[in-house]
Amino acid sequence: MDGFLRRYATPLTFLGLFAAMAVVQVCVLSPEGERALVGWASTNLANLAVNPVGTMVVSAFVAESAQPVLLALAAVGLFPVARRFGNLRAVLLIAVAHVLGTLVSQGVALVRLEAGLLSASVRTIPDVGPSYVLSAALVAAVLYGPGRLPRLLALAGWCGLAPVLFEGIGTLEVAAVGHVVAMVSGGLVGGLLLWRERRGALAPEPG
């Protein structure tokens with residue numbers, strides 16, 4: 001049991017925190033309290049300007065709905081990634097995807113706002129959830145997962161989620177842009193980790 005906990009510390013920690021937050025949202029907070037939490041944790045332009053680190057971290061564990069589905073999809077993606085790359089590199093992969101997905105999507109929104117293409121309300125839109133993390137993990141699991149079954153499960157999860165991930169990409173909606181950036185980041189970071197791993201394996205031993 002201890003070996004399992006150590007081997008999969010990253011997915012277990014992420015899923016545990018997300019599940020705990022879901023319980024708080026559903027069982028503890030009032031509707032007004034939940035709206036306040038979502039408003040505080042949202043990685044929108046207003047919050048990123050005053051509390052970028054706090055909102056960036058907390059937003060990944062707060063969802064407005066469908067928490068059981070998101071929990072299952074995150075597990076399908078995160079466990080194979082942790083098994084393939086190890087816990088620390090799995091954290092690196094999902095953190096890069098989450099941060100880049102947030103910054104690029106909100107950056108695009110800011111540019112469009114300054115160009116007069118969006119209203120000022122875009123500064124305070126709700127923007128929470130683990131979707132950047134799980135979309136990056138699913139892509140990395142499909143491309144680099146350890147074995148056929150984990151890859152097929154991740155692919156099935158990604159296919160089921162794809163309509164939501166790409167919804168609004170034609171009009172550059174914040175969530176859709178962030179999902180695309182997160183998925184590309186997951187694939188690229190996973191490829192870089194694999195390249196470094198293989199390069200290290202092929203390096204000659206000293207002396």
Side-chain angles (χ1 to χ4, degrees), residues 1-22 41 43 48 51-63 67 70-107 127-158 161 165 178-206:
M1 186 64 177
D2 289 343
F4 178 82
L5 295 177
R6 287 194 298 269
R7 186 173 189 179
Y8 296 109
T10 292
L12 291 171
T13 300
F14 184 90
L15 296 173
L17 291 174
F18 182 73
M21 183 63 75
T43 50
L48 288 175
N51 185 23
V53 176
T55 54
M56 195 83 73
V57 173
V58 177
S59 65
F61 301 100
V62 177
Q67 286 94 333
L70 295 172
L71 193 70
L73 289 171
V76 169
L78 287 172
F79 277 98
V81 170
R83 182 178 176 184
R84 180 64 187 82
F85 295 117
N87 286 300
L88 293 180
R89 288 181 290 180
V91 170
L92 174 64
L93 187 147
I94 61 175
V96 168
H98 181 64
V99 171
L100 288 181
T102 298
L103 294 181
V104 173
S105 62
Q106 292 297 334
D127 187 15
V128 294
S131 58
Y132 296 169
V133 169
L134 68 87
S135 58
L138 287 172
V139 168
V142 170
L143 295 176
Y144 314 112
R148 181 176 298 177
L149 181 58
R151 291 187 178 191
L152 289 176
L153 290 175
L155 179 60
W158 183 88
L161 199 61
L165 297 179
H179 291 147
V180 171
V181 173
M183 288 186 285
V184 172
S185 299
L188 291 178
V189 173
L192 179 60
L193 292 174
L194 185 62
W195 174 76
R196 287 178 59 86
E197 180 182 287
R198 290 176 175 174
R199 185 182 180 189
L202 294 174
E205 297 182 3

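- Under the 3.5 Å distance criterion, the side-chain polar atoms of Tyr144 are left unmatched by any main-chain donor or acceptor of Val139.
- Atom CG of residue Leu70 and atom CZ of residue Phe61 lie 13.0 Å apart, to the nearest 0.5 angstrom.
- Scanning both residues, Ala140 and Val81, for their nearest heavy atoms gives CB-CG2, 3.9 Å.
- For the atom pair CD1 (Ile94) and OG (Ser135), the distance works out to 11.0 Å, reported to the nearest 0.5 Å.
- Here the closest heavy-atom approach between residue Leu194 and residue Phe85 is recorded as N-CE2, 3.9 Å.
- In this structure, Leu93 CG and Leu192 CG are separated by 10.0 Å, a value rounded to the nearest 0.5 Å.
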Self-check item: side chain to side chain contact (heavy atoms under 4.5 Å, CB included) assessment of Met183 paired with Leu138
Solution: CA-CA 8 Å; Met183 288 186 285; Leu138 287 172; over 6 Å; no

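- With sequence neighbours excluded, no residue satisfies side-chain hydrogen bond (donor to acceptor under 3.5 Å, both in side chains) with Thr55.
- Counting only distance, with no hydrogens or angles, the side chain of Arg151 and the backbone of Pro146 share no donor-acceptor pair below 3.5 Å.
- Taking CH2 from Trp158 and CG from Leu153, the interatomic distance works out to 16.0 Å, rounded to the nearest 0.5 Å.
- The NE2 atom of His98 lies 9.5 Å from the CG atom of Leu103; values are rounded to the nearest 0.5 Å.
- Taking all atoms of both residues into account, the shortest heavy-atom contact from Leu5 to Leu12 is CD2-CD1, 3.7 Å.
- Side-chain atoms of Phe79 and Leu15, non-hydrogen and from C-beta on, do get closer than 4.5 Å to each other.
- When all heavy atoms are compared, the tightest approach of Ala97 to Ala136 is CB-CB, 3.3 Å.
- Contact between Phe18 and Ala60 at its shortest, heavy atoms only, is CD1-O, 4.1 Å.
- Listed here is the closest heavy atom pair of Leu78 and Pro11: CB-CB, 3.7 Å.
- Partners of Arg89 under the salt bridge (charged side-chain N to carboxylate O under 4.0 Å, His left out) rule, at least two apart in sequence or in another chain, are Glu197.
- Here the side chain of Tyr132 pairs no donor or acceptor atom with the backbone of Val99 at under 3.5 angstrom.
- Other residues, nucleotides and ligands contribute at most 12 non-hydrogen atoms within 6.0 Å of the CG atom of Leu88.
- Here His179 contributes atom NE2 and Leu134 contributes atom CG; the two are 7.5 Å apart, rounded to the nearest 0.5 Å.
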Exercise. Give the C-alpha distance, both sets of side-chain angles, the deciding distance and a yes or no for side chain to side chain contact (heavy atoms under 4.5 Å, CB included) between Asn87 and Thr13.
Key: CA-CA 10 Å; Asn87 286 300; Thr13 300; over 6 Å; no

